[in-house]
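Structure record follows, encoded as structure tokens.
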Amino acid sequence: VAGNFSYDGTNGPSHWGKEYKTCLGKYQSPIDIEEKDVTTMTFPELQFSGVEGSHKAYMTNNGHTVMIQSFDSNVPSISGGPINSTYVFQQLHFHWGQNDNQGSEDLINNHSFSMELHVVFWKKEYGSYDEAVKRDDGLTVLGYLYQATDEPNPMFESIVQQISDIIGVGSNITISDNNVLKKLVAPDIASAQNYFTYRGSLTTPPCLEIVQWIDFVKPQHISHEQLAAFRSIQSADGTNLTHNFRPVQPLDGRTVYRNIA
Ligand code: SG5
Ligand code: ZN
């Protein structure tokens, strides 16, 4: 991640464009998705591979989020849907808010959800993540929305328990839950064909406009308590990272599609 940006004050989102000109571009993310304005479309089936079975993974506080990467030979990938080739898993991470009424980056009908999971993939044909980010179709990010409820979501149990081990920036641990990637990358294959998709950007500096976004329509849930654990990690200045979502950006004539399976 680019180093000196934050979500408040003089390094906050409205200032990112001074150092990172692309953040002022015309194809920025996140956006508000208005269901009445979407164009329906039938894309080929979105397919996941390499998500089954256990994965060795580690979890890091990178100063901007809780991030999970794989160090397993079995790396997940996706194909189909709005993308015309194979994209390889790079990392996943979360965005949340200072209270349960906000936190998601993308909004649906102007509604904020409490948390959003981003699963980042790079185009295999380009050989590496670093090469892929130089290309305008380099990345695909899956976005999953979570609404806060009283009921804990078992899928988050192991992560939430281990967040206490990565409070400081740069902390890095091996995750004991070998099924964490299966749970997070493809939690509910049955809903996987029900998504919005549009062209946009990374939601953090350098805000590169290279992302095919795939946002699943159906929100999942997380408990208030589980969510609170995310707010306990620290950012670079040693204060709690209470929120890390970028406000929505203008759509500027772009089309948002909804897949009708
Ligand atoms: C890039 O942009 C960065 C992320 C950053 C997101 O995907 O990826 C890399 O640089 C991988 C080598 O940063 C990192 O992975 C840190 C090494 O995301 C974050 O982790 C901060 C939220 C932003 O991605 S997004 O558009 O999906 N939100
Ligand atoms: Zn993100």
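Order of listing sets the numbers, starting from 1, for every ligand and every atom in it. Heavy atoms only: backbone and side chains are in, while hydrogens, waters and symmetry mates are out.
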Subject >> side-chain contact (heavy atoms from CB on, under 4.5 Å) partner of Y87, the single match among D137, V120, V141 >> reply: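 In the set D137, V120, V141, the residue that makes a side-chain contact (heavy atoms from CB on, under 4.5 Å) with Y87 is D137.
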
What atoms in ligand 1 come closer than 4.0 Å to a heavy atom of [X]?
| X | answer |
| --- | --- |
| H95 | 22 (C), 28 (N) |
| Q90 | 11 (C), 12 (C) |
| T204 | 2 (O), 5 (C), 6 (C), 21 (C), 22 (C), 23 (C) |
| M67 | 14 (C), 15 (O), 16 (C) |

Original post:
Which of the listed options, Y7, F245, Y129, holds the heavy atom that is closest to atom 11 (C) of ligand 1?
Top reply: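 Residue with the shortest heavy-atom distance to the ligand atom: Y129.
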
Original post:
Between R258 and E35, is there a side-chain N and carboxylate O pair less than 4.0 Å apart?
Top reply: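 Between E35 and R258 there is a salt bridge, with a charged N closer than 4.0 Å to a carboxylate O.
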
Original post:
If you check every N/O/S atom of H93, which is the one nearest the Zn ion (ligand 2)?
Top reply: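 This residue's closest N, O or S atom turns out to be NE2.
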
**OP:** Considering just N/O/S atoms, say which atom of H118 is closest to the Zn ion (ligand 2).
**Re:**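 H118's closest N, O or S atom to the Zn ion (ligand 2) is named ND1.
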
**OP:** May I have the step-by-step check of ring pair (Phe, Tyr, Trp, His ring centres under 6.0 Å) for Y27 and W213, ending in yes or no?
**Re:** CA-CA 11 Å; Y27 301 98; W213 281 93; over 10 Å; no

**OP:** Verify ring pair (Phe, Tyr, Trp, His ring centres under 6.0 Å) between F71 and Y58, making sure each step is shown before the conclusion.
**Re:** CA-CA 7 Å; F71 61 93; Y58 50 87; 5.5 Å; yes

Original post:
About how many Å separate OG of S128 and CH2 of W122, when rounded to the nearest 0.5 Å?
Top reply: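 Result: 6.0 Å between the selected atoms.
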
Original post:
From R246 CZ over to I31 CD1, what is the distance, rounded to the nearest 0.5 angstrom?
Top reply: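 Nearest 0.5 Å value for the CZ-CD1 distance: 12.5 Å.
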
Is the shortest N/O to N/O distance between [X] and ligand 1 below 3.5 Å?
| X | answer |
| --- | --- |
| N62 | yes |
| H118 | yes |
| T203 | yes |

**OP:** Determine, stepwise, if the pair F5 / Y20 fulfils ring pair (Phe, Tyr, Trp, His ring centres under 6.0 Å).
**Re:** CA-CA 10 Å; F5 73 90; Y20 304 100; 7.4 Å; no

Subject >> W213 contact mode with ligand 1 (heavy-atom cut-off under 4.0 Å) >> reply: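 It is the side chain that touches ligand 1; the backbone stays farther off.
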
